[in-house]
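Notes for the one structure printed next.
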Number of protein chains: 2
Amino acid sequence: MPQKTHTISELARAFDITTRTIRFYEEKGLLNPQRVGQQRRYTDADRVRLTLIQRGKRIGMSLQESQAIIEMYDPAQGNVEQLERLLDNVNARKQQLHAQMQDLKQMLTELDDVEKRCQQALNIVNKKEDN
Amino acid sequence: MPQKTHTISELARAFDITTRTIRFYEEKGLLNPQRVGQQRRYTDADRVRLTLIQRGKRIGMSLQESQAIIEMYDPAQGNVEQLERLLDNVNARKQQLHAQMQDLKQMLTELDDVEKRCQQALNIVNKKEDN
DNA sequence: CAAAAGCTTGACGTTAACGTCAACGTAAGC
DNA sequence: GCTTACGTTGACGTTAACGTCAAGCTTTTG
């Protein structure tokens with residue numbers, strides 16, 4: 001069956017972003033929807049990209065970085081050399097994400113410490129109230 | 001012993017940032033070093049804060065968010081109400097970081113998929129060469 | 001003690017990631 | 001068929017996070 005397509009405002013509603021944002025992403029090369037006359041029509045492939053972009057943003061990636069990852073998803077089916085370069089890029093990204101994971105864990109354990117100290121302070125106050 | 005202090009350029013070298021950046025962080029309320037005359041003097045507490053800021057940046061936090069976390073570290077030792085608010089904030093942050101961890105994992109598994117597909121494509125090419 | 005090196009406060013410039021009009025074409029409901 | 005809603009392309013505005021001078025003070029070094 002022919003892919004169901006969406007207008008720009010449908011997509012905007014679905015992803016809770018503005019149409020301006022969607023056009024901006026296209027301007028930056030992250031999307032390029034089909035056209036029906038002047039108007040843009042978005043397929044599910046575009047939705048996948050938007051999902052990637054939003055996840056990227058949540059973990060602190062720039063649009064350029066998200067674009068790099070998107071391009072890894074749509075490999076232009078190149079020759080061996082290109083495949084190997086792609087593989088290198090993928091592994092570099094993976095390493096970076098693992099490092100980021102470590103930073104996240106560290107931040108979490110430090111917040112755990114703050115929580116504990118906070119709890120203790122509250123316990124002391126409560127014990128005083130018991131007297 | 002009295003804490004050893006550092007000048008702004010010493011700190012800049014140590015953290016591989018510019019002095020402008022350090023002053024900017026102060027302007028935004030993330031640091032406030034002591035002064036000796038006009039000049040700033042930084043203690044280890046400031047280094048801790050800078051470490052936090054940099055880790056924050058690596059996981060995609062804004063300076064405002066890092067500031068919020070810094071303030072959790074230096075609790076103004078308030079009353080019960082303040083302690084409870086702090087605890088709420090800490091837990092909210094923790095939740096957000098856990099969510100971010102999920103996003104990271106997802107991104108990683110998707111990159112794993114790309115890697116596998118890439119490997120397969122290379123294997124096929126190599127087998128052809130065997131013939 | 002003079003020049004160089006370092007510190008200080010402005011002030012303006014820059015990039016990313018959109019927001020916010022404006023002015024105009026097109027499609028859709030009554 | 002006309003209004004109303006939606007879409008399009010500019011162009012300029014905005015915020016965060018610094019970079020980049022400039023102009024002046026101070027401290028260190030030969």
Side-chain angles (χ1 to χ4, degrees), chain A residues 4-43 46-47 49-71 93 96 100 103 107, chain B residues 4-43 46-47 49-71 93 96 100 103 107:
Chain A
K4 212 221 158 184
T5 69
H6 316 265
T7 72
I8 194 167
S9 59
E10 280 166 4
L11 207 62
R13 242 167 290 147
F15 282 84
D16 194 30
I17 55 184
T18 69
T19 62
R20 173 68 175 94
T21 297
I22 298 178
R23 292 200 193 92
F24 178 72
Y25 290 162
E26 180 178 352
E27 202 178 310
K28 291 290 163 176
L30 297 169
L31 301 173
N32 43 330
Q34 311 160 213
R35 298 272 178 153
V36 172
Q38 282 278 85
Q39 299 192 197
R40 297 166 170 85
R41 288 302 141 84
Y42 297 89
T43 72
D46 295 309
R47 307 189 61 138
R49 288 174 174 214
L50 269 178
T51 304
L52 260 167
I53 294 172
Q54 294 204 319
R55 186 165 37 237
K57 294 199 66 177
R58 286 196 299 270
I59 65 176
M61 297 180 70
S62 69
L63 289 184
Q64 283 201 20
E65 289 175 309
S66 289
Q67 185 177 11
I69 291 201
I70 285 175
E71 280 163 10
R93 273 303 159 190
Q96 184 214 322
Q100 201 169 337
D103 281 323
M107 190 76 88
Chain B
K4 213 221 157 183
T5 69
H6 315 266
T7 72
I8 193 167
S9 59
E10 280 166 4
L11 207 63
R13 243 167 290 146
F15 282 84
D16 195 30
I17 55 184
T18 69
T19 61
R20 174 67 176 98
T21 298
I22 297 179
R23 292 199 194 92
F24 178 72
Y25 289 164
E26 180 178 352
E27 203 177 310
K28 290 290 165 178
L30 296 170
L31 301 173
N32 44 329
Q34 312 160 214
R35 297 272 179 152
V36 172
Q38 281 279 84
Q39 297 192 197
R40 296 167 170 85
R41 288 302 140 82
Y42 297 89
T43 72
D46 294 309
R47 306 188 63 137
R49 288 175 173 213
L50 269 178
T51 305
L52 258 167
I53 294 172
Q54 294 204 319
R55 185 164 39 237
K57 293 199 68 174
R58 287 197 299 271
I59 64 176
M61 297 180 70
S62 69
L63 290 184
Q64 282 201 21
E65 289 174 310
S66 290
Q67 185 177 12
I69 291 202
I70 285 175
E71 281 162 8
R93 271 306 157 192
Q96 184 215 323
Q100 202 169 336
D103 281 322
M107 191 78 86

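These values consider heavy atoms only, across backbone and side chains, with no hydrogens, waters or symmetry-generated copies. Lettering of chains follows the sequences in order, A, B, ..., and the numbering in each one begins at 1.
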Under a 4.5 Å cut-off applied to non-hydrogen side-chain atoms, are [X] and [Y] in contact?
X	Y	answer
B:Glu27	B:Arg23	no
B:Thr5	B:Asp46	no
A:Tyr25	A:Leu50	yes
A:His6	A:Arg41	no

Closest nucleotide among [options] to the [X] side chain:
X	options	answer
A:Arg20	D:dG19, D:dT8, D:dC12	D:dC12
A:Ser62	D:dG7, C:dA17, C:dC18	C:dA17
A:Arg35	D:dT9, D:dC18, C:dC18	D:dT9
A:Ser9	D:dT9, D:dC6, C:dA17	D:dC6

Inset, instruction - Please report the closest heavy-atom contact between B:Ala14 and B:Arg47, naming both atoms and the distance. - result: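 Taking B:Ala14 first and B:Arg47 second, the nearest heavy atoms are CB-NH2, 3.8 Å.
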Inset, instruction - Write down the atom of B:Ile8, the atom of B:Ile22, and the distance for their closest heavy-atom approach. - result: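 Closest approach of B:Ile8 to B:Ile22, heavy atoms only: O-CD1, 3.6 Å.
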Taking atom [atom2] of [N] as reference, at what distance in whole Å does atom [atom1] of [X] sit?
X	N	atom1	atom2	answer
A:Ile8	D:dC6	CD1	C1'	11 Å
B:Arg23	D:dC21	CZ	C1'	13 Å
A:Leu11	D:dC6	CG	P	16 Å
A:Glu10	D:dA5	CD	P	17 Å
A:Phe24	C:dT20	CZ	C1'	15 Å
B:Ile22	D:dT20	CD1	P	16 Å
B:Gln64	D:dA16	CD	C1'	9 Å
B:Arg13	C:dC7	CZ	C1'	13 Å

If you compare every side-chain N and O of [X] against the phosphate oxygens of [N] (OP1, OP2), does one of them come in below 4.0 Å?
X	N	result
A:Thr19	D:dC6	no
B:Thr7	C:dG6	no
B:Arg40	C:dT9	yes
A:Tyr25	C:dC18	yes
A:Thr18	C:dG19	yes
A:Lys57	C:dA16	no

Inset, instruction - Evaluate the criterion side-chain contact (heavy atoms from CB on, under 4.5 Å) for residue pair B:Met107 and A:Ile69; output intermediate values, then yes/no. - result: CA-CA 10 Å; B:Met107 191 78 86; A:Ile69 291 201; 4.1 Å; yes
Inset, instruction - Check whether more than 12 heavy atoms from other residues, nucleotides or ligands sit under 6.0 Å from atom CD of B:Glu10, and answer yes or no. - result: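 For B:Glu10, atom CD is crowded (more than 12 foreign heavy atoms under 6.0 Å).
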Inset, instruction - Using five pairs at either end of the helix from C:dC1-D:dG30 to C:dC30-D:dG1, determine the angle between the two local helix axes and round it to 10 degrees. - result: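 That helix gives 10° between its end axes.
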